[in-house]
Protein chains: 2
Amino acid sequence: MSESAVAVNLADKLSQFSELWSQKRVAVLNDYEVKLAKLKGEFVWHTHEETDELFLVISGRLTIQLRDADVVLEPGELYVVPRGVEHCPRADEETAILLLEPAGTLNTGDAGGPMTKAAEILG
Amino acid sequence: MSESAVAVNLADKLSQFSELWSQKRVAVLNDYEVKLAKLKGEFVWHTHEETDELFLVISGRLTIQLRDADVVLEPGELYVVPRGVEHCPRADEETAILLLEPAGTLNTGDAGGPMTKAAEILG
């Protein structure tokens, strides 16, 4: 049996970390990364000029603030922020999400700053 | 408010169709499509030479048969079939999945045949 032929259990992966606002890579699809993160509080306003960004809520509740709207995501709901659209995620309770975007996409996009962190590989 | 600033609720989308083995597009991420499908029974053995393919089980239970292993996915579990790897999905009970792959990827890959069907856009 191939060593790589193993399912990725999202709940198991989420149980392996508690750090907030730190993306953990759990799978790779071509040149895209599937990442998990735990959020609480407000992130920073930023834009990804080069790529769309998919958010899928696993638990909790995520508000993706856009400049002209809020998109509220409950578990089992997803939203794709189009490239070039400024956004700021906010979670009033601790929230677990799945993210999908090209490998190397920085969490803070064009904004930089102290919250900037590369995705980590979760074993 | 942007008309496009609306969450995609996966359960709602799944309630909108009952057809088996028919991929329904619910979101677009760059040149990738996020699709839903309902499966029961066995598909056909096939390979995607040009792309990896992500399967995430929402409900039910999916067995992704590979030539040297079976990968069994329960709800909340995902697996990426690497490009070039022959596989055949099988669901012994009705199973709902989320699929992610580049737009235009055919469901039957290189195999063709009567099960071949382009993804449909779910309103």
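Convention: sequence-line order gives letters A, B, ...; per-chain numbering from 1.
At a threshold of 4.5 Å between side-chain heavy atoms, the hydrophobic network of Ile, Leu, Val, Met, Phe, Trp and Tyr places A:Val72 and A:Leu78 in two separate groups. Linking ILVMFWY side-chain heavy atoms closer than 4.5 Å, directly or via other members, places B:Val26 and A:Ile58 in a single hydrophobic cluster. Taken together through direct or relayed side-chain contacts under 4.5 Å among Ile, Leu, Val, Met, Phe, Trp and Tyr, B:Ile64 and A:Val8 form parts of separate hydrophobic clusters. Under a hydrophobic-cluster definition in which Ile, Leu, Val, Met, Phe, Trp and Tyr are linked whenever side-chain heavy atoms come within less than 4.5 Å, directly or via other members, B:Leu99 and B:Val44 are assigned to the same cluster. Note: the hydrophobic cluster containing A:Phe43 also contains A:Leu73 (ILVMFWY, side chain heavy atoms under 4.5 Å, direct or indirect links).
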### Task
Go through the steps to decide whether A:Tyr32 and B:Asp52 satisfy the test side chain to side chain donor-acceptor pair (under 3.5 Å), and finish with yes or no.
CA-CA 10 Å; A:Tyr32 282 65; B:Asp52 301 343; over 6 Å; no
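Using a 4.5 Å cut-off between heavy atoms, A:Leu98 touches chain B through its side chain atoms alone. With a 4.5 Å cut-off on non-hydrogen atoms, B:Pro82 does not touch chain A at all. Using a 4.5 Å cut-off between heavy atoms, B:Glu53 contacts chain A through its backbone alone, with no side-chain atom that close. For a residue to count as touching a neighbouring chain, one of its non-hydrogen atoms must lie under 4.5 Å from one of that chain's; by this rule B:Arg83 touches chain A with the side chain only. Interface remark: B:Leu56 contributes side-chain atoms only to the contact with chain A (heavy atom separation under 4.5 Å).
Under a cut-off of 6.0 angstrom, the local environment of CD in B:Glu94 is crowded, with over 12 non-hydrogen atoms contributed by other residues, nucleotides or ligands.
For the set A:Asn9, A:Val85, A:Val81, the count of heavy-atom pairs under 4.5 angstrom toward chain B peaks at A:Asn9.
Across B:Val34, B:Leu100, B:Asn30, a single residue satisfies side chain to side chain contact (heavy atoms under 4.5 Å, CB included) together with A:Leu100, and that is B:Leu100.
Interface residues of residues 10-21 of chain A toward chain B, defined by a heavy-atom distance below 4.5 Å and sorted by number: A:Leu10. Listed by sequence position, the residues of residues 109-119 of chain B in contact with chain A number zero, using a 4.5 angstrom heavy-atom cutoff.
Taken from CG in A:Leu54 to CG in B:Leu29, the straight-line distance is 5.5 Å, to the nearest 0.5 Å.
Nearest heavy atoms, B:Val6 versus A:Val71: C-CG1, 4.3 Å. Contact detail for A:Val28 and B:Val80: the closest heavy-atom pair is O-CG1, 3.4 Å.
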